[in-house]
Amino acid sequence: MSFDNLCKLLSEKHPATFASWVLGTPQTSVKVLKTELSIEPIRADPRQRPEISAYTQILAGLKYNQDLIRQLFREGMMRESVIYQEILAEGEQRGEQRGREEGRKAEGQLLILRLLTRRVGELPQEVLNRIETLSLEQLENLGEALLDFQAMPTAVNYADLETWFSTLE
């Protein structure tokens with residue numbers, strides 16, 4: 001479908017909605033004459049097509065499913081849009097930030113588990129499960145508290161660890 005015929009398509013399929021949008025006021029009784037639709041469409045500046053297409057696709061995404069939008073538009077046009085690129089970059093930045101945070105937490109958990117195991121011996125599953133639920137800040141606090149824990153040769157007494165866990169509640 002030609003990009004220039006998009007308005008024609010919208011006015012044919014959704015005349016009242018399209019007229020309301022164009023005029024800025026609710027329109028209930030709209031009749032589109034075929035003679036009006038046969039007029040040659042206004043040609044967009046070729047340099048603006050990708051950006052205008054992207055805007056149109058974003059707005060269409062509020063109403064129509066992705067498959068229909070892809071049928072009507074070439075995917076490449078959307079990717080060329082500065083708006084699309086901005087949205088994509090923002091999403092990538094959020095994903096990278098989330099990945100860094102998850103990576104820091106996973107590394108923190110591994111370090112705490114190694115230090116605890118060395119300090120108090122083999123850890124029961126209940127303790128492992130509790131450590132997995134800790135936030136990054138809590139893991140950092142536990143790491144500092146570990147410096148004050150007493151070494152326990154029997155690995156049965158987890159008093160320091162239990163005391164620290166009780167401060168979270």
Side-chain angles (χ1 to χ4, degrees), residues 1 3 6-7 9-10 13-14 17-18 20-22 24 26 44 46-169:
M1 167 177 292
F3 173 77
L6 179 62
C7 287
L9 171 72
L10 292 173
K13 301 289 184 183
H14 308 283
T17 305
F18 187 71
S20 296
W21 175 72
V22 170
R47 294 171 298 195
Q48 292 178 327
R49 281 184 183 204
E51 193 164 344
I52 294 169
S53 175
Y55 294 144
T56 306
Q57 291 177 59
I58 290 168
L59 291 173
L62 299 173
K63 173 90 173 143
Y64 302 104
N65 69 39
Q66 186 175 3
D67 292 335
L68 177 61
I69 295 168
R70 285 200 174 154
Q71 285 175 357
L72 297 175
F73 296 94
R74 290 182 321 144
E75 189 173 328
M77 290 175 68
M78 182 70 162
R79 293 185 189 282
E80 294 170 8
S81 159
V82 293
I83 299 300
Y84 173 85
Q85 291 171 7
E86 181 182 333
I87 292 168
L88 183 63
E90 184 180 316
E92 287 174 343
Q93 190 175 31
R94 285 183 186 171
E96 289 170 358
Q97 177 65 29
R98 190 175 300 141
R100 281 191 293 272
E101 290 170 6
E102 290 173 3
R104 285 185 63 208
K105 183 176 178 183
E107 288 298 318
Q109 286 174 342
L110 288 173
L111 180 60
I112 294 299
L113 290 173
R114 287 180 65 193
L115 293 172
L116 271 173
T117 301
R118 185 167 181 174
R119 176 69 74 172
V120 301
E122 191 68 30
L123 299 169
Q125 189 61 45
E126 177 185 319
V127 172
L128 297 174
N129 293 343
R130 288 180 82 179
I131 290 172
E132 286 181 11
T133 65
L134 297 177
S135 69
L136 181 58
E137 182 181 0
Q138 291 170 325
L139 288 168
E140 291 169 347
N141 292 339
L142 177 55
E144 289 178 14
L146 267 169
L147 298 173
D148 298 326
F149 284 12
Q150 300 300 315
M152 296 170 231
T154 62
V156 173
N157 186 355
Y158 298 97
D160 289 336
L161 183 58
E162 288 302 323
T163 301
W164 186 86
F165 275 129
S166 68
T167 64
L168 298 177
E169 298 166 356

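Everything numeric here is computed off the predicted structure, so don't read it as measured data.
For S135, the side-chain contact (heavy atoms from CB on, under 4.5 Å) partners two or more places apart in sequence, or in a different chain, are E137, Q138. Evaluation of the side-chain contact (heavy atoms from CB on, under 4.5 Å) rule for L111 yields L115 as partners, not counting sequence neighbours. With sequence neighbours excluded, no residue forms a side-chain contact (heavy atoms from CB on, under 4.5 Å) with A106. A search for side chain to side chain donor-acceptor pair (under 3.5 Å) contacts involving D67 returns nothing, not counting sequence neighbours.
Atoms CD and CG, on E144 and L146 in that order, are 10.5 Å from each other to the nearest 0.5 Å. One distance of note links CG of L128 with CG of L113; it measures 6.0 Å at 0.5 Å rounding. To the nearest 0.5 Å, atom CG of residue L139 and atom CD of residue E132 are 10.5 Å apart.
In the displayed structure, Q97 atom CD is contacted under 6.0 Å by more than 12 heavy atoms of other residues, nucleotides or ligands.
Tested against I131, the residues N129, T133, V127 include a single side chain to side chain contact (heavy atoms under 4.5 Å, CB included) partner, V127.
Sorted by first and then second residue, the pairs that involve residues 87-107 and meet salt bridge (Lys or Arg N to Asp or Glu O under 4.0 Å), not counting sequence neighbours, are E90-R94, R104-E140.
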